[in-house]
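If you read the sequence from its start, that first residue is 1, and numbering goes on from there. Source: prediction; values computed, not measured.
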Amino acid sequence: MIKVGDTLPATTLMEFSEVEGNGCSIGPNPVDVAKASAGKTIALFALPGAFTPTCSAKHVPGYVEKFAELKAAGVDEIWCLSVNDAFVMGAWARDQKTGDKVRMLADGSAEFARAAGLTLDLTARGMGLRSNRYSMLVKDGKVASLNVEGPGKFEVSDAATLLAQAKG
């Protein structure tokens, strides 16, 4: 499993944009993790799936709500990762009203989750291989803090915990 001090996995995530701009088309666009995180402080959180109960009711809304405080604490971007396709993540972004606050990034084939050693096998529940629920503070592509949830828990990967770490 990835740990504090490690570099993020050299993978490519996908992002769906609602509007064209900054060289991005509306369709799914590749996001090279190394390039996108270089020189930035990222509040990254990952979860098992878009539109799932805890993720939609608590996890994403917490980061949207704490956006201004995270920015004030030095966070450049907030990333939400899930093992879903970019179209689902785009629809979920609309549903959650993430706007320009949270980048909803698709790890469709669980490449990032596998490379980070943070997978969750939900095959028995009909969901296949997913990402574990966690958060991390990333500085210039390296993990500065990591908060991995226990099975079925939502206690340490929330926005308030990561905000406290960003301030510290």
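A donor-acceptor contact shorter than 3.5 Å is absent between the side chain of R130 and the backbone of A113. Using a distance-only test at 3.5 Å, with no hydrogens or angles considered, no donor-acceptor pair links the side chain of N147 to the main chain of T161.
Every salt bridge (Lys or Arg N to Asp or Glu O under 4.0 Å) that E69 has, sequence neighbours left out, goes to K66. Residues passing the side chain to side chain contact (heavy atoms under 4.5 Å, CB included) test with A57, sequence neighbours excluded: none. Applying the side chain to side chain contact (heavy atoms under 4.5 Å, CB included) criterion to A106, with sequence neighbours excluded, gives M14, A86, M89. Residues passing the side chain to side chain contact (heavy atoms under 4.5 Å, CB included) test with V64 are V60, T98, K101, V102, sequence neighbours excluded. Applying the side chain to side chain contact (heavy atoms under 4.5 Å, CB included) test to K35 and every residue at least two apart in sequence or in another chain returns D32. Evaluation of the salt bridge (Lys or Arg N to Asp or Glu O under 4.0 Å) rule for D76 yields no partner, not counting sequence neighbours. Under the salt bridge (Lys or Arg N to Asp or Glu O under 4.0 Å) criterion, E149 pairs with no residue at all, not counting sequence neighbours. Remark: F45 engages H59, Y63 in a ring pair (Phe, Tyr, Trp, His ring centres under 6.0 Å) (not counting sequence neighbours). Residues passing the salt bridge (Lys or Arg N to Asp or Glu O under 4.0 Å) test with K71, sequence neighbours excluded: none.
Residues in residues 66-85 take part in no ring pair (Phe, Tyr, Trp, His ring centres under 6.0 Å) pair, two or more places apart or across chains. Among residue pairs with one or both ends in residues 41-58, those qualifying as side-chain hydrogen bond (donor to acceptor under 3.5 Å, both in side chains) are S56-W92; sequence neighbours excluded. Contacts classified as ring pair (Phe, Tyr, Trp, His ring centres under 6.0 Å) and involving residues 96-117 (residues at least two apart or in different chains) are not found.
No more than 12 heavy atoms of other residues, nucleotides or ligands lie within 6.0 Å of NZ in K153, so this atom counts as exposed by the packing criterion.
L8 has its side chain within reach of V143: a pair of non-hydrogen atoms, C-beta onward, lies under 4.5 Å apart. Inter-residue side-chain proximity for S145 and L162 is flagged as met; some heavy-atom pair is nearer than 4.5 Å. In this structure the side chain of C80 reaches within 4.5 angstrom of the side chain of L47, judged on heavy atoms.
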